[in-house]
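Scope of the values below: all heavy atoms of this structure, side chains included, with no hydrogens, waters or symmetry mates. Chain letters run A, B, ... following the sequence lines, proteins first and then strands; every chain starts at 1.
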2 protein chains.
Amino acid sequence: MQPKRSDRRRPSVRPAARAAPRPGRARPGEEANRRGEIVRAAARLFREKGFDGTTVRDIARAVGMRSGSPFYHFETKQDILLAVMEEGLAAGLEATEAVLAAKLPPREKFRALVRAHLEILLDEGHDFIPVLLYDWRSLTRENRAKIVALKDRYDAVWQQVVRELRRAGLLHTDSPLARLLVLGAINFMATWYRRDGALGLDEIADQTVDFFLGPAKR
Amino acid sequence: MQPKRSDRRRPSVRPAARAAPRPGRARPGEEANRRGEIVRAAARLFREKGFDGTTVRDIARAVGMRSGSPFYHFETKQDILLAVMEEGLAAGLEATEAVLAAKLPPREKFRALVRAHLEILLDEGHDFIPVLLYDWRSLTRENRAKIVALKDRYDAVWQQVVRELRRAGLLHTDSPLARLLVLGAINFMATWYRRDGALGLDEIADQTVDFFLGPAKR
DNA sequence: CCTACCGATCGGTAGG
DNA sequence: CCTACCGATCGGTAGG
């Protein structure tokens with residue numbers, strides 16, 4: 001006997017009263033909207049239970065659809081995963097490149113970059129990047145290549161800022177390893193951060209900057 | 001149609017010639033041995049494909065058993081996961097506490113700790129800790145509690161060394177966040193490290209120590 | 001987007 | 001530890 005992953009209902013019984021969103025037919029024009037809902041719901045579920053631990057039925061239920069209906073919007077479950085990662089990376093990349101564009105001094109630029117990354121990594125409703133980080137293995141080879149291309153741009157932004165920190169004498173190296181250590185330390189926060197914990201995102205950002213660059217001089 | 005995860009064979013046909021280890025009955029006395037083989041094979045598979053992405057049949061095949069036979073050694077698949085994590089943590093803890101016991105100066109102690117951790121995190125045949133880090137979510141609540149207890153001891157060792165670094169003036173903080181940043185940066189290496197890459201474990205250890213503490217003075 | 005369904009696979013078990 | 005098997009579930013599809 002397998003452990004049950006979800007409540008089982010008789011197939012012929014319509015789910016009458018439950019907390020989930022409205023089932024039914026989409027009104028014309030809100031189709032793209034529904035697609036976005038699926039992506040967001042899937043991101044949250046993938047983050048919590050992993051890609052393999054989440055069923056298409058879970059996703060359908062979360063947006064108030066019947067079990068087969070997500071396939072009206074996506075051809076395969078894998079395509080949903082790709083959409084989650086692509087949309088998350090695109091949004092993150094936009095925020096990140098905006099930080100680069102704002103001509104801040106190195107330390108402030110680093111702080112802004114860390115803060116922006118913490119938001120998409122840890123804040124409520126931003127489940128895309130954690131899924132990217134922790135469900136990497138579930139991507140097909142072809143989809144992995146697409147994601148890598150986006151991720152490379154992300155890394156380039158960080159490498160650029162690390163270089164500026166080095167030039168300003170705030171770091172003593174700007175090697176790729178330095179970037180990997182900084183980003184790794186931050187990305188690993190997705191493992192231990194609790195939204196109800198002692199530190200907020202602003203405090204974590206400040207202390208992280210201080211840790212890597214040394215306390216700010218005045 | 002689902003994508004096939006493995007070759008399918010007619011159930012009545014014995015697998016005659018294949019590369020995997022000998023099928024057949026265990027000789028008396030090597031039972032504990034077989035259990036260990038299962039744990040090691042499972043660790044490797046879990047690391048590659050995740051807990052949910054690995055089937056008991058995969059594990060059985062990897063050690064040359066038929067599909068139901070792992071259940072002679074373990075009650076459930078979950079128990080295999082627990083064994084992987086427990087045995088990995090126990091071994092890591094032993095190596096780690098040995099570093100603490102050897103009375104090295106702070107910088108050398110840190111370096112030895114990093115090096116020991118890199119070994120169990122990245123080296124061939126050490127798949128336990130990566131599984132622990134990346135399949136956390138698949139543990140039941142009760143098993144998670146058991147693992148947390150072991151992990152706390154591990155963290156305590158690192159916190160102790162961070163404290164010594166601070167006292168020696170090599171770090172300017174010994175907060176828990178400092179420990180989380182250092183360990184996170186290192187643990188995240190499991191994501192990007194390639195055994196055929198440019199840097200070996202010794203070089204990574206040296207450069208990591210230099211990054212966090214500043215280059216060694218002479 | 002629902003209904004109704006399929007083939008494949010999965011974790012696990014009885015009995016030897 | 002193998003043989004033979006079960007019930008449940010899963011991703012996906014045809015047809016409306």
> Could you check how far CG of A/D58 sits from P of D/dC10, rounded to whole Å?
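Interatomic distance, CG of A/D58 to P of D/dC10: 7 Å.
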> Any heavy-atom pair between the side chains of A/H73 and A/M65 that's under 4.5 Å?
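A side-chain contact under 4.5 Å exists here.
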> Between B/E75 (CD) and C/dG12 (P), how many Å, whole number?
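Checked: the CD to P distance equals 10 Å.
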> Taking the side chain as every heavy atom from C-beta outward, state whether B/F46 and B/M85 have any pair of such atoms under 4.5 Å apart.
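B/F46 vs B/M85: side chains apart.
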> When the distance from CZ of A/F71 to P of D/dG16 is rounded to whole Å, what number comes out?
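Nearest whole value for this atom pair: 21 Å.
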> Calculate the interatomic distance between B/E37 atom CD and D/dC1 atom P; express it in whole Å.
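These atoms are roughly 8 Å apart.
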> Between B/L181 and A/M189, is there a side-chain heavy-atom distance shorter than 4.5 Å?
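A side-chain contact exists here, since the closest heavy-atom pair is under 4.5 Å.
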> Side chain of A/M65 only, please: which of C/dC1, C/dG12, D/dC1 is the nearest?
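The answer is C/dC1, which lies nearest to the side chain.
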> Just how far, in rounded Å, is C1' of C/dC10 from CD1 of B/I80?
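Rounded to whole Å, this separation is 13 Å.
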> Can you find a side chain N or O atom of B/R34 that sits less than 4.0 Å from OP1 or OP2 on D/dC1?
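Yes, such a contact exists.
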> Would you call the rings of B/F188 and A/F188 parallel, tilted or perpendicular, where under 30° means parallel and over 60° means perpendicular?
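Correct class here is perpendicular.
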> Roughly, in whole Å, what's the span from CZ in B/F74 to C1' in D/dC1?
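To the nearest whole Å, that distance equals 15 Å.
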> Looking at the side chain of B/Y72, which of C/dG12, D/dC1, D/dG11 is the nearest nucleotide?
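Given the options C/dG12, D/dC1, D/dG11, the side chain of B/Y72 is closest to D/dC1.
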> Whole angstroms only, please: what is the CZ-C1' distance between A/R57 and C/dC2?
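Taking atom C1' of C/dC2 as the reference, CZ of A/R57 is at 14 Å.
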> Do A/W158 and A/V182 touch side chain to side chain, with heavy atoms closer than 4.5 Å?
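A side-chain contact exists here, since the closest heavy-atom pair is under 4.5 Å.
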> Please tell me which of the listed nucleotides, C/dG12, D/dG11, C/dC1, lies nearest to the side chain of B/S67?
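The closest nucleotide is C/dG12.
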> Return the nucleotide paired to D/dC2: Watson-Crick means purine N1 to pyrimidine N3 with N6-O4 or O6-N4, wobble means G-U with N1-O2 and O6-N3, both under 3.5 Å.
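With both distances under 3.5 Å, D/dC2 matches C/dG15.
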> Between D/dG11, C/dG11, D/dC1, spot the one nearest the side chain of B/S69, thanks.
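Per side-chain heavy atoms of B/S69, the pick is D/dC1.
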> Between P on D/dG15 and CZ on A/R66, what's the gap in Å once rounded to a whole number?
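Those two atoms, CZ and P, are 21 Å apart.
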